[in-house]
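See below for the structure under consideration.
So you know, we letter chains A, B, ... as the sequences are listed, proteins then strands, and number each from 1. Remember, predicted model here, so these are calculated numbers, not experimental data.
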Amino acid sequence: MKRELLSKAVGDIDTGFIEEAYRPVREEVSVSSEIGIKLKKKRIVTLALAAALLLSAGITVFAVKPTVRGWGGNFEITDTGSGLEPVLHTDRLTDPVSEEDGRLWFIVNDEHIDITDLISETKPFLYSYTDEEGVVHYWIVGKNGPELSHWGYGEYLYKPEENWIRGYTARTDLDPDREEPLWLRAGKEQLGISR
Amino acid sequence: MNDSEIIGLFFERSEQAVEELNRKYGSAVKKTASNILSSRQDVEECVNDAYLRCWNSIPPRKPNSLAAYVCRIARNLAVDRYHANTAEKRSGNYGLVLDELEECIPSGIDVETELEAKELTSAIDRFLSGLSRQDRFLFVRRYWYSDSVTDLAAMTGSSANRVSVRLFRIREKLRKTLTKEGFPI
């Protein structure tokens, strides 16, 4: 066996697999495809009005890209005018959970909540807050296994007048027989998030 | 900045293209090379060479996935350097990755030519298509990105032991698949 050729054989696998595995975080585009259209229409009207006002004042409008941001700069959704463009910053992901002194702490939105005994493989911890733009951030945190480090999470963004926008999950289960772990499924059911 | 905008800068021959590429994918490119090479200097040279190759190949190329494109270039450069460097072969993470991969090749079968390597690639592509998303993620991260088991455990919120067991089962499955297919007859 020539190890160089073995390296090459694996190195040449389909680009789609490489792209898929580049993102350990999973964006959930199916949360709201209809909502995306709704949001787009509303934004286009708003932008048209703003552009008309600025043009009448002699100001040139080049491009306006309204952006919705997830917590910690992990997730951005930009309305490009032709649709929503989500970007997950997987290379600088800020986790919402911190392990300290053998306990798990939920640290989003300046919180410091001990969730060690509140989560399991079937039981999620749910939390929400509303940001300055009026976007509600819903969090689902759960366990993938018995050890302290086996936590995973999802963040889902919601606009009261427009419904669910998008969401993502990270550190989710390895079980090949399930698309998503039970804690996540339970959390999404409680929040009314459909796939 | 999104991928289309960065590729646009390459097409305009703006040096900002490389800066933006590095800003967005620099850490991933560096990690891909450092998973294979142990020398910091070798890693730095690989990263710089990968950017240069992007500069020289875009245009005419217009990759659909900029992340996969630049990481593939960095990986190829790092693997070439690994095989050229005798000292690297004696130790390191990538040696373990290759050892594990060799387990998947059924006994009595050798990959001795470029053509056989291509056939093996096609067989692995078919195998990956049939895996669950989670198993495919683990396989590609371990054997393409050469991530350590510890890193994979952190990425998936699991234990190193659980990841190792899962990888072992995937390798067994691949070995059986290759045996069944009679590769590379």
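Here the straight-line distance linking atom CD of A/Glu19 with atom CG of B/Leu66 works out to 9.5 Å at 0.5 Å rounding.
By the neighbour-count criterion of 12 heavy atoms within 6.0 Å, atom NZ of B/Lys30 is sparsely surrounded, having that number or fewer from other residues, nucleotides or ligands. Around CZ of B/Arg171, the count of heavy atoms belonging to other residues, nucleotides or ligands within 6.0 Å exceeds 12. Within 6.0 Å of CZ in B/Arg13 there are more than 12 heavy atoms belonging to other residues, nucleotides or ligands. Counting heavy-atom neighbours within 6.0 Å of B/Arg169 CZ, excluding the residue itself, gives a total of 12 or less. Around atom CZ of B/Phe11, more than 12 heavy atoms belonging to other residues, nucleotides or ligands sit under 6.0 Å away. By the 6.0 Å contact criterion, CD on A/Glu100 is enclosed, its count of non-hydrogen atoms from other residues, nucleotides or ligands being greater than 12.
Within the 3.5 Å criterion, the main-chain N or O of A/Gly11 finds a donor-acceptor partner in the side chain of B/Trp144. Under a 3.5 Å cut-off, the side chain of A/Asp14 and the backbone N or O of B/Asp125 do not form any donor-acceptor pair.
B/Arg75 approaches A/Val10 most closely through the heavy-atom pair NH2-CG1, 4.3 Å. When all heavy atoms of A/Ala9 and B/Thr121 are compared, the pair lying nearest together is O-OG1, 2.7 Å.
Linking Ile, Leu, Val, Met, Phe, Trp and Tyr residues whenever their side-chain heavy atoms come within less than 4.5 Å places B/Ile6 and B/Trp55 in a single cluster. Both A/Leu148 and A/Phe125 are part of a single hydrophobic cluster, where members link through side-chain heavy atoms under 4.5 Å apart. Linking Ile, Leu, Val, Met, Phe, Trp and Tyr whenever their side-chain heavy atoms come within less than 4.5 Å leaves B/Leu52 and B/Val70 in two separate clusters. Cluster annotation: B/Phe168 is not connected to B/Phe127 through the hydrophobic network of ILVMFWY side chains, with a link wherever side-chain heavy atoms come within less than 4.5 Å.
A/Lys8 is not listed as a side-chain neighbour of B/Lys118, based on a closest heavy-atom distance of 4.5 Å or more. Looking at B/Arg72 and A/Ile18, their side chains come closer than 4.5 Å, going by heavy atoms from C-beta outward. Considering only heavy atoms from C-beta on, A/Glu20 stays 4.5 Å or farther from B/Phe137 through its side chain. The side-chain heavy atoms of A/Leu6 and B/Glu102, taken from C-beta on, include a pair separated by under 4.5 Å.
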Task: Worked check of side-chain hydrogen bond (donor to acceptor under 3.5 Å, both in side chains) between A/Arg171 and B/Thr156 - done: CA-CA 4 Å; A/Arg171 298 169 60 93; B/Thr156 53; over 6 Å; no
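Contact annotation for B/Leu98: both backbone and side-chain heavy atoms come within less than 4.5 Å of a heavy atom of chain A.
Counting heavy-atom pairs under 4.5 Å between each of A/Glu147, A/Lys143, A/His150 and chain B puts A/His150 at the top. Interface summary for chain A: among B/Asp99, B/Asp80, B/Asn64, the most heavy-atom pairs under 4.5 angstrom belong to B/Asp99. Of the listed residues (B/Val97, B/Thr32, B/Leu101), the greatest number of heavy-atom pairs within a distance under 4.5 Å of chain A belongs to B/Leu101.
Paired with A/Ser7 under the rule side chain to side chain contact (heavy atoms under 4.5 Å, CB included), one option of B/Asn76, B/Ile36, B/Val79 passes, and it is B/Val79.
Between A/Tyr22 and B/Tyr145, the ring planes lie tilted relative to each other; the angle falls in the 30° to 60° range.
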